[in-house]
Amino acid sequence: MTQEEKIVLLEDMLELDGGSLTPEMELASIDEYDSMAKLSLIVLMDEECGKKLTGEQIREFKTVADVLNFMGE
Amino acid sequence: MKGIEFIGKRFVVSGAGGIGAETAKLLNSLGASIILLDINEENLNNTLLSLEGTNNRAYICDFSNVDGIEQVVKLIATENGAVDGFVHCVGVGSVRPLKMSKYDFMLKVMNINFFSFVEIVRCLSIKGRYNSNGMNIVGVSALGAYLGNSTKTAYCASKGAMNAAIRCLAKELAPKNIRVNAVAPGVTDTPMARVAEDYGADSDEHKMILARQYMGVCQPLDIANTIAFLMSDMSRMITGSCVAVDGGKLSS
(Lines give C-alpha, C1' and ligand atoms only; values in the text may rest on other atoms or scores of the structure.)
Protein backbone atom coordinates (compact mmCIF):
# COMPACT_ATOMS: atom_id res chain seq x y z
CA MET A 1 0.00 0.00 0.00
CA THR A 2 1.38 3.43 -0.91
CA GLN A 3 1.52 6.35 1.49
CA GLU A 4 -1.27 8.01 -0.53
CA GLU A 5 -3.50 4.94 -0.32
CA LYS A 6 -2.99 4.74 3.42
CA ILE A 7 -3.89 8.42 3.84
CA VAL A 8 -7.08 7.90 1.79
CA LEU A 9 -8.07 5.00 4.07
CA LEU A 10 -7.62 7.18 7.15
CA GLU A 11 -9.49 10.11 5.57
CA ASP A 12 -12.39 7.81 4.68
CA MET A 13 -12.42 6.38 8.18
CA LEU A 14 -12.49 9.86 9.73
CA GLU A 15 -15.02 11.11 7.14
CA LEU A 16 -12.62 13.88 6.09
CA ASP A 17 -12.37 15.45 2.63
CA GLY A 18 -9.57 14.16 0.41
CA GLY A 19 -6.33 16.04 1.03
CA SER A 20 -7.23 16.92 4.64
CA LEU A 21 -4.52 14.81 6.27
CA THR A 22 -0.76 15.23 6.12
CA PRO A 23 1.79 13.00 7.87
CA GLU A 24 3.11 15.73 10.16
CA MET A 25 -0.33 16.60 11.60
CA GLU A 26 -0.75 16.08 15.34
CA LEU A 27 -3.59 13.61 16.02
CA ALA A 28 -4.72 15.73 18.97
CA SER A 29 -5.45 18.59 16.55
CA ILE A 30 -7.92 16.51 14.52
CA ASP A 31 -11.44 16.82 15.97
CA GLU A 32 -12.66 13.71 14.17
CA TYR A 33 -9.97 11.56 15.84
CA ASP A 34 -12.15 10.72 18.86
CA SER A 35 -12.68 7.55 20.91
CA MET A 36 -15.03 6.14 18.25
CA ALA A 37 -12.40 6.76 15.56
CA LYS A 38 -9.82 4.93 17.66
CA LEU A 39 -12.08 1.89 17.79
CA SER A 40 -12.50 2.12 14.02
CA LEU A 41 -8.72 2.33 13.68
CA ILE A 42 -8.33 -1.00 15.48
CA VAL A 43 -10.67 -2.62 12.95
CA LEU A 44 -8.99 -0.89 10.01
CA MET A 45 -5.53 -2.09 11.12
CA ASP A 46 -6.86 -5.62 11.47
CA GLU A 47 -8.81 -5.84 8.23
CA GLU A 48 -6.78 -3.65 5.87
CA CYS A 49 -3.27 -4.15 7.23
CA GLY A 50 -3.43 -7.46 9.12
CA LYS A 51 -2.07 -5.77 12.27
CA LYS A 52 -3.24 -6.11 15.85
CA LEU A 53 -3.47 -2.72 17.49
CA THR A 54 -3.74 -2.42 21.29
CA GLY A 55 -5.08 0.42 23.40
CA GLU A 56 -1.56 1.03 24.66
CA GLN A 57 -0.21 1.43 21.13
CA ILE A 58 -3.01 3.83 20.26
CA ARG A 59 -2.09 6.00 23.22
CA GLU A 60 1.50 6.17 21.89
CA PHE A 61 0.44 7.58 18.50
CA LYS A 62 1.17 11.33 18.35
CA THR A 63 1.09 12.22 14.63
CA VAL A 64 -0.58 10.93 11.46
CA ALA A 65 2.86 9.64 10.45
CA ASP A 66 2.91 7.35 13.53
CA VAL A 67 -0.34 5.77 12.34
CA LEU A 68 0.92 5.50 8.74
CA ASN A 69 4.12 3.80 9.91
CA PHE A 70 2.15 1.30 11.98
CA MET A 71 0.08 0.42 8.91
CA GLY A 72 3.26 -0.97 7.34
CA GLU A 73 4.10 -1.41 3.67
CA MET B 1 -34.93 -29.84 49.61
CA LYS B 2 -31.20 -30.01 50.22
CA GLY B 3 -28.68 -27.91 48.38
CA ILE B 4 -27.76 -28.40 44.75
CA GLU B 5 -26.00 -31.59 43.72
CA PHE B 6 -25.39 -33.11 40.31
CA ILE B 7 -23.98 -36.55 41.11
CA GLY B 8 -24.39 -38.82 38.08
CA LYS B 9 -25.30 -35.93 35.77
CA ARG B 10 -23.53 -35.16 32.52
CA PHE B 11 -23.48 -31.56 31.29
CA VAL B 12 -22.20 -30.05 28.06
CA VAL B 13 -20.49 -26.68 28.59
CA SER B 14 -19.55 -24.70 25.50
CA GLY B 15 -16.77 -22.18 25.98
CA ALA B 16 -13.92 -23.21 28.26
CA GLY B 17 -12.58 -19.78 29.24
CA GLY B 18 -13.93 -17.09 31.59
CA ILE B 19 -17.52 -17.83 32.63
CA GLY B 20 -17.42 -21.22 30.88
CA ALA B 21 -14.39 -22.39 32.85
CA GLU B 22 -15.90 -21.21 36.13
CA THR B 23 -19.23 -22.85 35.32
CA ALA B 24 -17.58 -26.16 34.37
CA LYS B 25 -15.62 -26.18 37.64
CA LEU B 26 -18.65 -25.37 39.77
CA LEU B 27 -20.97 -27.93 38.14
CA ASN B 28 -18.17 -30.49 38.40
CA SER B 29 -17.58 -29.69 42.08
CA LEU B 30 -21.30 -30.37 42.65
CA GLY B 31 -20.87 -33.86 41.17
CA ALA B 32 -21.42 -33.53 37.42
CA SER B 33 -19.27 -34.91 34.62
CA ILE B 34 -18.47 -32.17 32.13
CA ILE B 35 -18.21 -32.30 28.35
CA LEU B 36 -16.32 -29.18 27.28
CA LEU B 37 -16.53 -27.56 23.86
CA ASP B 38 -14.21 -24.83 22.65
CA ILE B 39 -12.29 -23.87 19.54
CA ASN B 40 -9.19 -23.17 21.63
CA GLU B 41 -7.30 -26.33 22.55
CA GLU B 42 -5.33 -24.61 25.30
CA ASN B 43 -8.53 -23.40 27.00
CA LEU B 44 -9.95 -26.91 26.71
CA ASN B 45 -6.91 -28.59 28.23
CA ASN B 46 -6.50 -26.08 31.06
CA THR B 47 -10.14 -26.33 32.09
CA LEU B 48 -10.24 -30.11 31.66
CA LEU B 49 -7.21 -30.47 33.95
CA SER B 50 -8.98 -28.44 36.65
CA LEU B 51 -11.92 -30.89 36.76
CA GLU B 52 -12.27 -33.89 39.05
CA GLY B 53 -13.33 -37.39 38.06
CA THR B 54 -12.62 -39.58 35.06
CA ASN B 55 -15.69 -38.96 32.91
CA ASN B 56 -14.95 -35.41 31.78
CA ARG B 57 -14.31 -34.91 28.09
CA ALA B 58 -13.22 -32.13 25.75
CA TYR B 59 -14.13 -31.60 22.11
CA ILE B 60 -12.89 -28.99 19.68
CA CYS B 61 -15.76 -27.07 18.13
CA ASP B 62 -15.64 -24.12 15.75
CA PHE B 63 -18.77 -22.18 16.70
CA SER B 64 -18.41 -19.84 13.73
CA ASN B 65 -18.97 -22.83 11.44
CA VAL B 66 -22.55 -23.62 12.42
CA ASP B 67 -22.87 -26.32 9.75
CA GLY B 68 -20.11 -28.31 11.45
CA ILE B 69 -21.74 -28.40 14.89
CA GLU B 70 -24.12 -31.30 14.24
CA GLN B 71 -21.19 -33.63 13.64
CA VAL B 72 -19.61 -32.68 16.98
CA VAL B 73 -22.89 -33.19 18.89
CA LYS B 74 -23.44 -36.57 17.21
CA LEU B 75 -19.94 -37.64 18.23
CA ILE B 76 -20.59 -36.52 21.82
CA ALA B 77 -23.85 -38.49 21.91
CA THR B 78 -22.20 -41.60 20.47
CA GLU B 79 -19.22 -41.51 22.81
CA ASN B 80 -20.96 -40.40 26.01
CA GLY B 81 -24.66 -41.22 25.77
CA ALA B 82 -27.53 -38.96 26.78
CA VAL B 83 -26.78 -35.68 28.50
CA ASP B 84 -28.62 -33.95 31.35
CA GLY B 85 -27.89 -30.36 30.45
CA PHE B 86 -26.18 -27.80 28.30
CA VAL B 87 -24.71 -24.40 29.15
CA HIS B 88 -23.74 -22.09 26.30
CA CYS B 89 -20.96 -19.79 27.48
CA VAL B 90 -19.39 -19.15 24.10
CA GLY B 91 -19.32 -15.58 23.00
CA VAL B 92 -17.34 -12.90 21.27
CA GLY B 93 -17.64 -9.50 22.91
CA SER B 94 -17.05 -7.41 19.88
CA VAL B 95 -16.62 -3.66 20.20
CA ARG B 96 -16.90 -2.09 16.77
CA PRO B 97 -18.38 1.17 15.45
CA LEU B 98 -21.32 0.78 13.07
CA LYS B 99 -19.21 2.23 10.27
CA MET B 100 -16.96 -0.83 10.45
CA SER B 101 -19.74 -3.38 11.18
CA LYS B 102 -20.24 -4.89 7.75
CA TYR B 103 -22.44 -7.90 7.10
CA ASP B 104 -19.67 -10.51 7.28
CA PHE B 105 -18.68 -9.23 10.73
CA MET B 106 -22.30 -9.13 11.94
CA LEU B 107 -22.83 -12.65 10.66
CA LYS B 108 -19.71 -13.98 12.40
CA VAL B 109 -20.87 -12.56 15.75
CA MET B 110 -24.38 -13.95 15.24
CA ASN B 111 -22.96 -17.35 14.30
CA ILE B 112 -20.76 -17.64 17.37
CA ASN B 113 -23.06 -16.02 19.94
CA PHE B 114 -26.49 -17.06 18.71
CA PHE B 115 -26.83 -19.53 15.83
CA SER B 116 -24.39 -21.99 17.43
CA PHE B 117 -26.55 -21.95 20.58
CA VAL B 118 -29.74 -22.81 18.71
CA GLU B 119 -27.92 -25.43 16.64
CA ILE B 120 -26.53 -27.20 19.72
CA VAL B 121 -29.96 -27.11 21.38
CA ARG B 122 -31.50 -28.48 18.18
CA CYS B 123 -28.98 -31.31 17.94
CA LEU B 124 -29.13 -32.20 21.64
CA SER B 125 -32.93 -32.21 21.94
CA ILE B 126 -33.23 -35.26 19.69
CA LYS B 127 -34.50 -38.46 21.34
CA GLY B 128 -31.66 -40.51 22.78
CA ARG B 129 -29.26 -37.58 23.05
CA TYR B 130 -30.80 -36.15 26.23
CA ASN B 131 -32.13 -37.64 29.43
CA SER B 132 -35.85 -38.13 28.78
CA ASN B 133 -36.51 -37.48 32.49
CA GLY B 134 -35.30 -33.97 31.98
CA MET B 135 -32.66 -31.74 30.49
CA ASN B 136 -31.84 -28.19 31.51
CA ILE B 137 -30.36 -25.61 29.17
CA VAL B 138 -28.86 -22.24 30.08
CA GLY B 139 -27.59 -19.69 27.60
CA VAL B 140 -25.24 -16.97 28.77
CA SER B 141 -26.85 -13.83 27.42
CA ALA B 142 -25.84 -10.31 28.42
CA LEU B 143 -27.43 -7.33 30.08
CA GLY B 144 -26.50 -5.50 26.90
CA ALA B 145 -29.50 -7.20 25.29
CA TYR B 146 -31.66 -4.68 27.18
CA LEU B 147 -29.45 -1.62 26.88
CA GLY B 148 -28.24 0.77 24.25
CA ASN B 149 -24.47 0.34 24.03
CA SER B 150 -22.81 2.20 21.18
CA THR B 151 -20.28 0.12 19.22
CA LYS B 152 -21.93 -3.12 20.37
CA THR B 153 -24.78 -3.55 17.89
CA ALA B 154 -23.71 -7.04 16.80
CA TYR B 155 -23.06 -8.27 20.33
CA CYS B 156 -26.23 -6.89 21.89
CA ALA B 157 -28.38 -8.02 18.95
CA SER B 158 -26.98 -11.56 19.24
CA LYS B 159 -27.85 -11.64 22.95
CA GLY B 160 -31.29 -10.14 22.32
CA ALA B 161 -31.85 -12.88 19.76
CA MET B 162 -30.89 -15.46 22.37
CA ASN B 163 -33.39 -14.02 24.87
CA ALA B 164 -36.18 -14.18 22.30
CA ALA B 165 -35.16 -17.70 21.28
CA ILE B 166 -35.14 -19.15 24.80
CA ARG B 167 -38.78 -18.15 25.30
CA CYS B 168 -39.75 -20.00 22.12
CA LEU B 169 -37.50 -22.98 22.80
CA ALA B 170 -38.79 -23.23 26.37
CA LYS B 171 -42.38 -23.58 25.19
CA GLU B 172 -41.57 -25.91 22.30
CA LEU B 173 -39.34 -28.23 24.33
CA ALA B 174 -41.40 -28.31 27.56
CA PRO B 175 -43.24 -31.49 26.43
CA LYS B 176 -39.82 -33.18 26.29
CA ASN B 177 -39.08 -32.18 29.91
CA ILE B 178 -36.50 -29.70 28.72
CA ARG B 179 -36.21 -26.33 30.44
CA VAL B 180 -34.47 -23.43 28.67
CA ASN B 181 -33.29 -20.29 30.46
CA ALA B 182 -30.66 -17.60 30.19
CA VAL B 183 -28.56 -15.51 32.51
CA ALA B 184 -27.71 -11.93 31.65
CA PRO B 185 -24.45 -10.88 33.28
CA GLY B 186 -23.62 -7.22 33.80
CA VAL B 187 -19.98 -6.19 33.70
CA THR B 188 -18.03 -9.29 34.71
CA ASP B 189 -14.32 -9.71 35.33
CA THR B 190 -13.39 -12.09 32.47
CA PRO B 191 -10.60 -12.20 29.86
CA MET B 192 -13.15 -11.10 27.23
CA ALA B 193 -14.10 -8.02 29.24
CA ARG B 194 -10.46 -7.14 29.90
CA VAL B 195 -9.70 -7.10 26.15
CA ALA B 196 -12.66 -4.78 25.54
CA GLU B 197 -11.59 -2.55 28.42
CA ASP B 198 -8.13 -2.21 26.97
CA TYR B 199 -9.72 -0.25 24.14
CA GLY B 200 -12.24 1.78 26.05
CA ALA B 201 -11.40 1.74 29.76
CA ASP B 202 -10.71 5.44 29.87
CA SER B 203 -13.84 6.32 27.89
CA ASP B 204 -16.65 8.21 29.56
CA GLU B 205 -19.10 5.55 28.45
CA HIS B 206 -17.17 2.79 30.22
CA LYS B 207 -16.98 4.83 33.43
CA MET B 208 -20.71 5.47 33.21
CA ILE B 209 -21.44 1.75 32.79
CA LEU B 210 -19.38 0.91 35.87
CA ALA B 211 -21.12 3.65 37.86
CA ARG B 212 -24.54 2.22 36.97
CA GLN B 213 -23.55 -1.23 38.24
CA TYR B 214 -23.81 -0.01 41.82
CA MET B 215 -23.00 -3.31 43.54
CA GLY B 216 -19.71 -3.51 41.64
CA VAL B 217 -18.25 -5.77 38.98
CA CYS B 218 -19.46 -9.41 38.88
CA GLN B 219 -17.03 -12.29 39.23
CA PRO B 220 -17.40 -15.35 36.95
CA LEU B 221 -18.46 -17.39 40.00
CA ASP B 222 -21.45 -15.09 40.51
CA ILE B 223 -22.67 -16.03 37.05
CA ALA B 224 -21.80 -19.71 37.52
CA ASN B 225 -23.78 -19.88 40.79
CA THR B 226 -26.93 -18.67 39.03
CA ILE B 227 -26.32 -21.14 36.19
CA ALA B 228 -26.02 -23.97 38.74
CA PHE B 229 -29.37 -22.94 40.21
CA LEU B 230 -31.01 -22.92 36.77
CA MET B 231 -29.48 -26.34 35.98
CA SER B 232 -30.88 -27.79 39.21
CA ASP B 233 -34.33 -28.95 40.30
CA MET B 234 -34.48 -25.98 42.67
CA SER B 235 -35.55 -23.97 39.62
CA ARG B 236 -37.93 -26.63 38.31
CA MET B 237 -40.76 -24.13 37.65
CA ILE B 238 -38.53 -21.65 35.82
CA THR B 239 -38.33 -21.84 32.04
CA GLY B 240 -38.10 -19.25 29.29
CA SER B 241 -36.64 -16.76 31.76
CA CYS B 242 -33.60 -14.54 31.51
CA VAL B 243 -32.14 -13.88 34.95
CA ALA B 244 -30.06 -10.72 35.27
CA VAL B 245 -26.90 -11.09 37.35
CA ASP B 246 -25.85 -7.51 37.04
CA GLY B 247 -25.01 -5.93 40.38
CA GLY B 248 -28.16 -3.82 40.04
CA LYS B 249 -27.27 -2.30 36.69
CA LEU B 250 -30.66 -2.81 35.04
CA SER B 251 -32.41 -1.05 37.92
CA SER B 252 -30.25 2.07 37.85
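All values below come from the heavy atoms of this structure, side chains included, with hydrogens, waters and symmetry mates left out.
Crowding of A:Met1 atom CE: a count of heavy atoms from other residues, nucleotides or ligands under 6.0 Å exceeding 12. Shown here is B:Glu52, whose CD atom has no more than 12 heavy atoms of other residues, nucleotides or ligands within 6.0 Å. Within a 6.0 Å sphere centred on CD of B:Glu79, other residues, nucleotides and ligands contribute more than 12 heavy atoms. Within 6.0 Å of the CD atom in B:Glu41, the count of heavy atoms belonging to other residues, nucleotides or ligands does not exceed 12.
The line from CG of A:Leu39 to OG of B:Ser94 is 11.5 Å long, rounded to the nearest 0.5 Å. Between atom CG of residue A:Leu41 and atom CE of residue B:Met100 there is a gap of 8.0 Å, rounded to the nearest 0.5 Å. Distance check, rounded to the nearest 0.5 Å: CE of A:Met36 to NZ of B:Lys99 gives 9.0 Å.
The existence of a salt bridge linking B:Lys102 and A:Glu47 is excluded, since no basic side-chain nitrogen approaches an acidic carboxylate oxygen closer than 4.0 Å.
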